[in-house]
Q: 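Encoded as structure tokens, here's the structure I'll be asking about.
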Amino acid sequence: MVPALLFVGGLLIFIGIIQPFSMLSNIFLVAIGILLVVVICPCFKQEVARRQTAEGVLRQQTDRERLVNQIAQHIRQSLDLDHVLETTVADVQRFLEADRVLIYRLWPDGTGSAINEAVLPPYPVILGTSFPPEVFPSEYHEAYSLGKTRLIENIEEADLETCLTDFLQQFGVIAKLVVPIVQENRQVEGNPSVPYLWGLLIAHQCDRPRIWETWELELMQQLATQVAIAIQQSELYQQLQQLNAELEQRVQQRTEELARANVALRAEIAERQRTEVELRHTNHTLKTLISASPRAIFTLDIEGYVKIWNPAAEQMFGWTEAEVINHPNPIFIDDPLEDYSTLRSNLLQGITYSVELRRHKKDGSAIDIIFSAAPLKNSENQIDGIVAVIADITEQKQQEEQVRLLQSVVVNTNDGVVITEAEAIDELGLRIIYVNEAFTNITGYSLEEVLGKTPRILQGEKTDRTELDKIRTALSRWESVTVEVINYRKNGSEYWNEFSIVPVGDRTGWYTHWIAIQRDTTERKQAEQALRHSEERFRSLIENALDIIMILDTDGTIGYVSPSVEKVLGYLVSELVGKKIFEPIHPDDFTTTYQSLTNTWQSAELNRPIEFRYRHKDNSWRTLEAISQPFINNAATTQIIVNTRDITERKRLDEIRLALEREKELSILKTRFFSMASHEFRTPLSTALAAAQILENSPDEWNDSQKRLRNLHRIQDSVRNMVQLLDDILTINRAETGKLEFNPKFLVLDKFCEQFVEEMRLSAGSQYTITFTCEGNPIPVCLDEKLLRSILSNVLSNAIKYSPKGGNVHLGLEFQLHQVLLQVCDRGIGIFPEDIKQLFEPFHRGKNVRTIPGTGLGLIVVKKCVDLHQGSIEITSEVGIGTTCVVTLPLVL
């Protein structure tokens, strides 16, 4: 553009020279003017449009910030510090809905003044008021310069200096929020790293107490940071203006003559320079803000390649700027958003996007973030990229989860939880601000009834004042303490209360609350008291008992013996304590007694009583009965407690009684045996004698072969019955004396049973049907064939004999995993329930056998044979229906 103007200027000069020489000069001048209008005006409009486009891009970039950036926008739009501060307090006052927001400037001499204020009527105006150093003491400067904030919900309840309270009440302040304005890199005595406390950003609530929210504090802190940046920018801008003024003055001195000749050109150059300075300053400001932002910020072009990657993004995700610039966005490469296409489509349409999600860092670890994105437009107002702002909320979510878990523990615990304010203890005590449901269940007080009260409402006349003094001393020292006292419920009833009190501080270490964990220990106290009474009672019982109580070490050393030992064994307690219990035991009983006590050490169960002989002090032997079991003392050492009783006299009496009982049973058994034997032997003998007399006195009977054989068979049957009776008696006698032979060998049981049933069919006759079945997998079995034959013979004979009208008799054989079952079933007369209990007693027969012959010894023989096989026999019967006998024998002996 400048060369064009020079060309036009030269052309005008040339035309001025030739003007006198030609009549065409006027026409030529008009043409030149038109040419100037055609050439210069479009260029000027294009330049203005380009500048306007650049300014629009800058405004669009600053308009994309969300909630906090909307308030900070006023700071970024102006370099006029007064205007920035006025806009800030006005925006904060409207956003927080506070009654007053002001910026308090601290001066080097310790005084201060309100330099900016936004206040609602009718509250007084503080703007321009100066205050002495006492309003803001110097000891607070260091804390605020390090980032300390202060939240006061109610000045009447806060721990404030009297002068500060009076000062705040003078301006109608009830609650306040104070955030420092700190310049981090201000030059202080040559040290740029010392934070400089420039002033305070303060919000007042004048109409009521106010609980300040965390986000309000964070907003104020962010705005204070922005204000500090604006102040620093303003100072730099003032320095830059001063330098520019000096530079312009020197340039003006040097170019004064040229400026007169080229006024239009110089004005345009100056305008361009101002525009470029503003653009550079704005770009520098934006880069500084992006670099200084605590949030990750990056931009992408239309193809998704990274163009800007600030230090916060590098710190948050781990990728350096060199690794991501002009590369695809690494955050969504391996794990793209499910709705990434929707996000891209919305951004290309000019719609902002914000979502909370979880991403992975370079090292693979996951973080929770808030991802916000907006479209970027070029000078032609076309979208050519995306800007994204990311906040790491991992720690915040973890803290929220921890708070949720802690709240769940406090609400659901069975122990009472009480939270009080953290003021120094005084005569009124600490006021309660929270109790959980367990506290209300323990004390009977509701939450509304205890809020604002002190824990002294639980105290009464039996509350131990010494323990209360211990609490007061610990609270005055900000120390934890645990005590147990008697407290009183709402209804006046007493209960033992064990509670621990601990102080709780905030992040700065300032103690803010006391927390007390309370537990109702009434039942435990009662149990302890009952235990003491029980201990005293049992000690008295032990000391006065006739039985001897001993406590032994694992090596048999007597650690304790009750005084009754002197009455029972004649020894003094001192003579036995420390000695071995085994020394006075009879040598014949030593091994058994020692093994029993050794088993006690190895097993926690109560052992069976043992009997042994123990030497009396007079050298006589006494028979003792002892029961032992492990004993755990307070030292967790295993010992043995032995309860011993002198049974010498009882043993003597028992022996006499047993001898009498055996003699009585033997007499009864002999009487029954002789009665039954005489009866059983008389019947076959009578039959044989009658048959013999017939043969002797009746020649016809002798000569008649049929009658002779019939009488001879009667004699033979009678003899066999007597032989069987004798065999049964001998078998029982041999079993009782342990002389019954037992010779097991492998036997094919199914074949044996089948042959035996066939034999029984031949002897039973055609009126009986005897069947046999076998179940399971037949295998060789180790049994005594002779005893097995005796078992089957007696059981099957009984089944046939007690089915007098004939019928079905069944023998069943079943092979199981570890045993075999022999089952005999009949449909005979059955057995009465009271007779089943006496089936295995000698010579006992059922009440309904009537004239059916028998000795009452068969089942006893069966039982002895089954016992030798280590088996079992079970008989079930129902009168008139039949009887089932099941014999169970093991496969392996």
Side-chain angles (χ1 to χ4, degrees), residues 51 54-92 95 101-108 113-118 144-145 147 179-188 191-202 219-248 273-295 297 308 310-312 387 389:
R51 293 177 183 176
E55 291 175 353
V57 171
L58 292 178
R59 284 194 302 271
Q60 291 173 358
Q61 291 175 347
T62 58
D63 288 339
R64 295 186 187 108
E65 295 294 338
R66 294 186 63 201
L67 184 61
V68 176
N69 293 338
Q70 291 175 1
I71 300 176
Q73 181 180 6
H74 301 294
I75 298 175
R76 300 189 181 97
Q77 284 181 338
S78 176
L79 295 174
D80 184 357
L81 183 59
D82 291 335
H83 175 70
V84 168
L85 298 183
E86 289 175 0
T87 303
T88 299
V89 296
D91 289 345
V92 173
F95 189 82
V101 175
L102 61 90
I103 294 179
Y104 184 85
R105 179 72 165 96
L106 291 173
W107 306 110
S113 60
I115 63 173
N116 294 93
E117 179 186 33
Y144 277 112
S145 64
V179 177
I181 301 174
V182 179
Q183 292 181 310
E184 295 291 341
N185 299 318
R186 186 179 180 90
Q187 187 79 14
V188 178
N191 184 4
S193 63
V194 177
Y196 173 72
L197 182 61
W198 185 88
L200 303 173
L201 179 59
I202 304 172
L219 174 63
M220 293 283 284
Q221 289 175 328
Q222 294 175 5
L223 291 177
T225 302
Q226 299 296 334
V227 170
I229 294 173
I231 293 170
Q232 192 168 5
Q233 291 175 352
S234 177
E235 293 175 349
L236 294 175
Y237 181 67
Q238 291 177 0
Q239 295 176 5
L240 180 61
Q241 283 184 327
Q242 184 177 358
L243 293 175
N244 286 339
E246 294 176 357
L247 179 61
E248 287 180 0
Q273 288 177 343
R274 286 193 297 272
T275 303
E276 290 177 352
V277 168
E278 291 177 358
L279 289 174
R280 284 196 302 270
H281 180 71
T282 302
N283 288 333
H284 176 72
T285 300
L286 290 175
K287 289 180 179 179
T288 302
L289 291 175
I290 292 174
S291 299
S293 174
R295 298 190 177 186
I297 299 176
I308 294 178
N310 74 336
V387 60
V389 179

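Worth knowing before you read on, the calculation uses all heavy atoms, side chains too, and leaves out hydrogens, waters and symmetry mates. Model, not experiment: these values are computed from the prediction.
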Q: Donor-acceptor pair, distance only, cut-off 3.5 Å: does the side chain of Thr282 make one with the backbone of Glu278?
A: yes
Q: If you round to the nearest 0.5 Å, how far is CZ of Arg295 from CD of Gln222?
A: 6.0 Å
Q: Can you find a heavy atom in the side chain of Ile181 that is under 4.5 Å from one in the side chain of Leu197?
A: no
Q: So do Val89 and Leu102 actually touch side chain to side chain, heavy atoms under 4.5 Å?
A: no
Q: Check whether any side-chain heavy atom of Leu219 lies under 4.5 Å from a side-chain heavy atom of Phe95, and answer yes or no.
A: yes
Q: Work out which heavy atom in Val182 is nearest to a heavy atom in Ser145; give both atom names and the distance.
A: CG1-O, 3.8 Å
Q: May I ask you to test the Leu200-Tyr144 pair for a side-chain heavy-atom distance under 4.5 Å?
A: yes
Q: Before you tell me yes or no, could you show the steps for Thr285 and Gln233 under side chain to side chain contact (heavy atoms under 4.5 Å, CB included), namely the whole-Å CA-CA distance, both residues' side-chain angles and the distance that decides it to 0.1 Å?
A: CA-CA 8 Å; Thr285 300; Gln233 291 175 352; 3.4 Å; yes
Q: Compare all side-chain heavy atoms of Trp198 with those of Ile103 and state whether any distance is below 4.5 angstrom.
A: yes
Q: Rounded to the nearest 0.5 Å, what separates atom CD1 in Ile308 from atom OG in Ser291?
A: 9.0 Å
Q: Can you tell me how far apart CD (Gln241) and CG (Leu236) are? Round to the nearest 0.5 Å.
A: 11.5 Å
Q: Atom CD1 of Ile231 and atom CD of Gln226: how far apart are they, to the nearest 0.5 Å?
A: 11.5 Å
Q: State, to 0.1 Å, how close Ala228 and Gln183 come at their nearest heavy-atom pair, and which atoms those are.
A: O-NE2, 4.0 Å
Q: I need the Glu117 CD to Leu85 CG distance, nearest 0.5 Å.
A: 13.5 Å
Q: In the structure I gave you, are the side-chain heavy atoms of Trp107 and Ser113 within less than 4.5 Å of one another anywhere?
A: yes
Q: Flag the pair Val92 / Met220 as yes when at least one side-chain heavy-atom distance between them is below 4.5 Å, and no otherwise.
A: yes
Q: Check the pair Leu289, Ile229 against side chain to side chain contact (heavy atoms under 4.5 Å, CB included), reporting the backbone distance first and the verdict last.
A: CA-CA 9 Å; Leu289 291 175; Ile229 294 173; 4.2 Å; yes
Q: Looking at every heavy atom in both Ser293 and Ala312, which two are closest together, and how far apart are they?
A: O-CB, 3.4 Å
Q: So do Leu201 and Leu223 actually touch side chain to side chain, heavy atoms under 4.5 Å?
A: yes
Q: Measure from the side-chain N and O atoms of Asn310 to the backbone N and O of Ile297, and report whether any donor-acceptor pair falls under 3.5 Å.
A: yes
Q: Report the residues that fulfil ring pair (Phe, Tyr, Trp, His ring centres under 6.0 Å) with His284, sequence neighbours left out, ordered by chain and then residue number.
A: none
Q: Which distance, rounded to the nearest 0.5 Å, do you find between the CG of Asn116 and the NE2 of His83?
A: 11.5 Å
